[in-house]
Amino acid sequence: MRLSGDFFGRDVLVVAPELIGKKLFRNKNGATTGYSIVEVEAYRGEEDKASHARFGKTSRNGIMYAPGGLVYVYLIYGMHWMLNIVTGPGEQPQALLIRGLKGFEGPGRLTRALEIDRSFYGEDLALSSRIWIETGEENPAITQSSRIGIDYAGDPWKSMAWRYRLGG
DNA sequence: AGCAAGATCGGT
DNA sequence: CCGATCTTGCTG
């Protein structure tokens with residue numbers, strides 16, 4: 001069953017663990033492939049100094065302020081596309097960075113493998129024929145730890161256990 | 001208008 | 001550990 005606003009419209013810290021074990025589908029040239037989501041990271045509000053929303057609403061992060069269920073894609077280090085899912089009811093900027101799929105560990109590697117780029121910015125997971133998410137494994141084991149690559153955020157943000165992984 | 005830094009990755 | 005590579009958003 002395809003997930004939509006009912007699922008993604010909740011707080012990012014509620015959605016994050018539930019997204020583990022769900023299946024991300026990608027259709028390219030008429031062929032559809034599904035991948036289990038194994039790792040995500042939560043970015044929550046303007047007060048989160050690790051989030052792109054820490055400077056407030058800008059042209060890049062504007063989509064984070066939308067109601068949950070849209071795709072937020074951006075380029076990092078001039079070469080890697082990062083795939084994020086917007087969550088929450090809207091107004092408060094929230095997003096989940098997809099860091100790993102079964103078979104594709106690493107946020108930059110998975111977007112390269114699935115051919116996801118800036119053309120996916122704002123894509124609606126409830127309506128898109130290119131990318132969507134469906135229910136998957138029920139109640140998988142989940143491990144929480146601190147987020148990667150955001151030491152610049154300082155405490156307490158760099159220490160928040162907002163990274164969720166499948167298993168132990 | 002200029003510039004530093006980045007939610008990363010792969011090779012030394 | 002270092003370079004790649006380019007966009008963003010701050011600073012002046």
Side-chain angles (χ1 to χ4, degrees), chain A residues 3 7-22 24 26 35-125 128 130-131 133 142-167:
Chain A
L3 300 172
F7 181 84
F8 298 110
R10 299 169 297 156
D11 190 274
V12 68
L13 297 181
V14 173
V15 179
E18 292 191 26
L19 201 52
I20 301 299
K22 295 291 187 292
L24 174 71
R26 171 78 172 99
Y35 311 85
S36 290
I37 297 172
V38 301
E39 183 176 345
V40 302
E41 262 176 14
Y43 290 84
R44 187 177 188 276
E46 294 182 347
E47 67 274 22
D48 178 3
K49 294 304 184 219
S51 173
H52 286 166
R54 65 187 178 280
F55 299 123
K57 195 172 190 174
T58 66
S59 54
R60 177 175 64 163
N61 68 25
I63 199 77
M64 293 180 75
Y65 291 74
L70 303 185
V71 171
Y72 170 36
V73 172
Y74 65 88
L75 183 68
I76 190 67
Y77 300 116
M79 56 185 75
H80 304 294
W81 294 103
M82 300 287 104
L83 172 63
N84 298 254
I85 309 302
V86 176
T87 68
E91 300 303 311
Q92 35 179 315
Q94 301 187 347
L96 284 167
L97 170 64
I98 307 298
R99 294 190 55 90
L101 299 175
K102 188 173 182 184
F104 299 101
E105 292 278 344
R109 290 188 190 138
L110 71 90
T111 53
R112 196 178 57 200
L114 304 202
E115 293 177 44
I116 289 168
D117 59 18
R118 72 170 17 135
S119 75
F120 283 77
Y121 186 97
E123 195 89 352
D124 190 338
L125 293 172
S128 177
R130 298 195 293 166
I131 186 172
I133 296 175
I142 293 171
T143 309
Q144 277 182 258
S145 50
S146 56
R147 295 174 291 179
I148 302 296
I150 50 115
D151 282 351
Y152 61 82
D155 281 317
W157 307 107
K158 70 177 189 186
S159 308
M160 303 301 277
W162 287 355
R163 177 177 171 226
Y164 302 77
R165 284 185 58 88
L166 179 68

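By convention in this document, chain letters (A, B, ...) are assigned in the order of the sequence lines, proteins followed by strands, and residues within each chain are numbered from 1.
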* To do: Give a yes or no on whether the backbone of A:Arg60 and the side-chain of A:Tyr121 come within a donor-acceptor separation of less than 3.5 Å.
  =>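 Judged by distance alone, yes, a pair lies under 3.5 Å.
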* Ring stacking, A:Phe55 with base of C:dG9, under 5.5 Å and under 30°? ->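 The ring of A:Phe55 is not stacked on C:dG9.
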Let me know the distance between [atom1] of [X] and [atom2] of [N], rounded to the nearest Å.
| X | N | atom1 | atom2 | answer |
| --- | --- | --- | --- | --- |
| A:Met82 | C:dC6 | CE | C1' | 14 Å |
| A:Phe104 | B:dT8 | CZ | P | 19 Å |
| A:Tyr77 | C:dG3 | OH | P | 15 Å |
| A:Tyr72 | C:dT8 | OH | C1' | 9 Å |
| A:Lys49 | B:dA7 | NZ | P | 14 Å |
| A:Tyr43 | B:dG6 | OH | P | 13 Å |
| A:His80 | B:dA7 | NE2 | P | 12 Å |
| A:Glu105 | B:dG10 | CD | P | 12 Å |

* Which is true for A:Arg60 with a 4.0 Å heavy-atom rule: it touches a base, it touches only sugar-phosphate, or it touches nothing? -> sugar-phosphate
* Asked: Which is true for A:Leu97 with a 4.0 Å heavy-atom rule: it touches a base, it touches only sugar-phosphate, or it touches nothing?
  -> base
* To do: Specify the residue among A:Met64 and A:Arg112 whose closest nucleotide of DNA chain B lies further upstream toward the 5′ end.
  => A:Met64
Among the candidates [options], find the nucleotide nearest to the side-chain atoms of [X].
| X | options | value |
| --- | --- | --- |
| A:Tyr74 | B:dT8, B:dA7, C:dG9 | B:dA7 |
| A:Tyr152 | C:dA4, B:dT8, B:dG6 | B:dG6 |
| A:Arg109 | C:dA4, B:dG6, B:dG10 | B:dG10 |
| A:Met79 | B:dA7, C:dA4, C:dG9 | C:dA4 |
| A:Ile148 | B:dT8, B:dA7, C:dT7 | B:dT8 |

* Lys NZ or Arg CZ of A:Arg118 over A:Phe120 ring: under 6.0 Å, within 45° ->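 No, A:Arg118 does not sit over the ring of A:Phe120.
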* Does A:Arg112 make a cation-pi contact with A:Phe104 (under 6.0 Å, within 45 degrees of the axis)? ->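 Judged by the rule, A:Arg112 and A:Phe104 form no cation-pi pair.
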Less than 4.0 angstrom between a side-chain N/O of [X] and OP1 or OP2 of [N], yes or no?
| X | N | result |
| --- | --- | --- |
| A:Ser51 | B:dA7 | no |
| A:Arg54 | C:dG9 | no |
| A:His52 | B:dA7 | yes |

* Do A:Tyr65 and A:Glu46 have side-chain N/O donor and acceptor atoms under 3.5 Å apart? -> yes
* Which residue, A:Ile76 or A:Gly56, contacts DNA chain C at a nucleotide closer to its 5' end, judged by nearest heavy atom? ->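 First, find each residue's nearest nucleotide; the 5'-ward one identifies A:Ile76.
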* **Trace of the side chain to side chain contact (heavy atoms under 4.5 Å, CB included) decision for A:Leu125 with A:Ile131** => CA-CA 6 Å; A:Leu125 293 172; A:Ile131 186 172; 4.2 Å; yes
* **Watson-Crick or G-U counterpart of B:dA4, or none if no pair lies under 3.5 Å** =>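 Because both required distances fall under 3.5 Å, B:dA4 counts as paired with C:dT8.
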* Identified pairing partner of B:dG10, criterion: Watson-Crick or G-U wobble below 3.5 Å ->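 Check on B:dG10: paired to C:dC2, both distances under 3.5 Å.
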* Determine, for A:Glu105 against A:Arg165, whether the closest basic-nitrogen to carboxylate-oxygen distance falls under 4.0 angstrom. =>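 Yes, A:Glu105 and A:Arg165 are salt-bridged.
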